[in-house]
Amino acid sequence: MDKLKILVVDDESRMRKLVKDFLVRKNYEVIEAENGEQAIDIFFSDKEINLIILDIMMPKLDGWQVCREIRQYSKVPIIMLTAKSDEKDELLGFELGVDEYISKPFSPKILVARVEAVLRRTASTDQELIEVGGIVLDKSAHQVKIDGKEIELSFKEFELLTYFVTNQGIALSREKILNNVWNYDYFGDARTIDTHVKKLRSKMGQKGDYIKTIWGLGYKFEVDA
């Protein structure tokens, strides 16, 4: 089996080496980029990159600009690294389609665990099709169609919709959603979920009404009769 390929983008060579050493031990292939321009060049010349670990504060192009550029063409999972712990930055990251967000300093073991969690979900070979209320969700292709028309979802939006659909009729707390969709103990603000739900509802059109708000708790996916 071919090694999964990860692009590590950071202007600090020490940080790149630290991350690379831990990933290589887990049998990943690692490509390095020292700035945003180089990252974009590498990404678009190598069609086999499975995941990107992306620093925000970099010369030439910062992480936000790199993320915006890549998201125009690809849903490749992106884990954002930042020295900041500003909530606004975190929410912006999720709005741009970032899949995970890790503040420096961090434990390399935690980073590797999150890499593995994201790749497990994207590499799922589950061929199951779920059809409910005019929504067709193809888990293996990471594709959603509503009334026969495909809608574009980020990786995390797709995971969130899948979790809602497979737990139809069940009241889900924000904590439970974070633990299952983000797949790790998340200590940020629960508004992260609200931001994702708002975008997901908007993309789903009228079918977005299936995601009911349960005030003081979280959400419930329920198909109207």
> Over all heavy atoms of both residues, which pair between S103 and F106 is shortest? Give the atoms and the distance, please.
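Minimum heavy-atom contact is O-CB, 3.6 Å.
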> Looking at K212 and D209, what are the two nearest heavy atoms and their distance?
NZ-O, 3.1 Å
> If we ignore hydrogens and angles and just use 3.5 Å, is the side chain of H196 paired with the main-chain N or O of T192 as donor and acceptor?
yes
> Go through the structure and list residues passing salt bridge (Lys or Arg N to Asp or Glu O under 4.0 Å) with D41, not counting sequence neighbours.
none
> Which side-chain N or O atoms in residues 72-79 pair as donor and acceptor under 3.5 Å with protein atoms at least two apart or in another chain?
unit_1, atom_1, unit_2, atom_2, d
S74, OG, V76, N, 3.0
K75, NZ, E152, OE1, 3.4
K75, NZ, L153, O, 3.3

> Just how far is it from atom CZ of R68 to atom CG of L61, taken to the nearest 0.5 Å?
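The distance works out to 11.0 Å.
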> Would you please name every residue forming a salt bridge (Lys or Arg N to Asp or Glu O under 4.0 Å) with R201, sequence neighbours left out?
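Partners of R201 under the salt bridge (Lys or Arg N to Asp or Glu O under 4.0 Å) test: none.
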> Does I102 reach the side chain of R114, with side-chain heavy atoms less than 4.5 Å apart?
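Yes; the side chains approach each other to less than 4.5 Å.
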> Which side-chain N or O atoms in residues 19-34 pair as donor and acceptor under 3.5 Å with protein atoms at least two apart or in another chain?
unit_1, atom_1, unit_2, atom_2, d
D21, OD2, K17, NZ, 2.8
E32, OE1, R16, NE, 2.8

> Whether the side chain of E157 engages the backbone of S154 through a donor-acceptor N/O pair (distance < 3.5 Å, no angle test) should be reported.
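At least one qualifying donor-acceptor pair exists.
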> So does D99 pair up with R71, basic N to acidic O under 4.0 Å?
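Looking at D99 and R71, the cut-off is met.
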> Would you compute the distance between atom CD1 of I56 and atom CG of D10 and round it to the nearest 0.5 angstrom?
11.0 Å
> Taking NZ, NE, NH1 and NH2 as the nitrogens, is one of them in D11 or K60 under 4.0 Å from a carboxylate oxygen of the other?
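No, this pair does not count.
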> When you measure from the side chain of N50 to the backbone of L4, do you find a donor-acceptor pair of N or O atoms at a distance under 3.5 Å?
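No, because the side chain of N50 does not come within donor-acceptor range (under 3.5 Å) of the backbone of L4.
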> Apply side chain to side chain contact (heavy atoms under 4.5 Å, CB included) to residues L7 and L51 and explain how you reach the verdict.
CA-CA 6 Å; L7 174 60; L51 182 141; over 6 Å; no
> With rounding to the nearest 0.5 Å, note down the distance linking CZ in F43 to CD1 in I49.
6.0 Å
> Which heavy atom in G134 sits nearest to a heavy atom in K207, and how many Å separate them?
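Of all heavy-atom pairs spanning G134 and K207, the closest is CA-CE, 4.0 Å.
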> Roughly how far, to the nearest 0.5 Å, is the OG1 atom of T213 from the NZ atom of K220?
11.5 Å
> If every non-hydrogen atom of G148 is compared with every non-hydrogen atom of K145, which pair is closest and at what distance?
O-CD, 4.1 Å
> So how far is it from Q65 CD to I70 CD1, rounded to the nearest 0.5 Å?
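Nearest 0.5 Å value for the CD-CD1 distance: 12.0 Å.
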> For the residue pair Y210 and F221, does the interplanar ring angle fall in the parallel (under 30°), tilted (30 to 60°) or perpendicular (over 60°) class?
perpendicular
> List the atom of G133, the atom of V223, and the distance in Å for their closest heavy-atom pair.
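Distance-wise, the nearest heavy atoms are CA-CG1, 4.0 Å.
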> Supply the atom-to-atom distance Q206 CD to D147 CG, rounded to the nearest 0.5 angstrom.
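It comes to 8.5 Å.
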> Walk me through it: do R174 and D194 pass the test side chain to side chain contact (heavy atoms under 4.5 Å, CB included)?
CA-CA 9 Å; R174 287 177 176 81; D194 299 335; 3.0 Å; yes
> Please tell me whether I110 and V8 are part of a single hydrophobic cluster in this structure, the criterion being side-chain heavy atoms less than 4.5 Å apart.
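No.
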> Linking directly or through intermediates, with side-chain heavy atoms under 4.5 Å: list the remaining ILVMFWY members grouped with I214, chain and number order.
L217
> Taking C-beta and beyond as the side chain, do E100 and V98 meet within less than 4.5 Å on heavy atoms?
no
> Check whether any side-chain heavy atom of K139 sits under 4.5 Å from a side-chain heavy atom of I130, and report yes or no.
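Side chain of K139 against side chain of I130, heavy atoms only: contact under 4.5 Å found.
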> Side chain to side chain contact (heavy atoms under 4.5 Å, CB included) between L54 and V66: does it pass, once the steps are laid out?
CA-CA 8 Å; L54 180 62; V66 174; 3.9 Å; yes
> So does D55 pair up with K104, basic N to acidic O under 4.0 Å?
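Salt bridge present between D55 and K104.
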> Which atom pairs, donor and acceptor, lie under 3.5 Å between side-chain atoms of residues 161-171 and protein residues at least two apart or in another chain?
unit_1, atom_1, unit_2, atom_2, d
T162, OG1, F158, O, 2.8
Y163, OH, N180, ND2, 3.2
T166, OG1, T162, O, 2.8
T166, OG1, Y163, O, 3.3
N167, ND2, Y163, O, 2.8

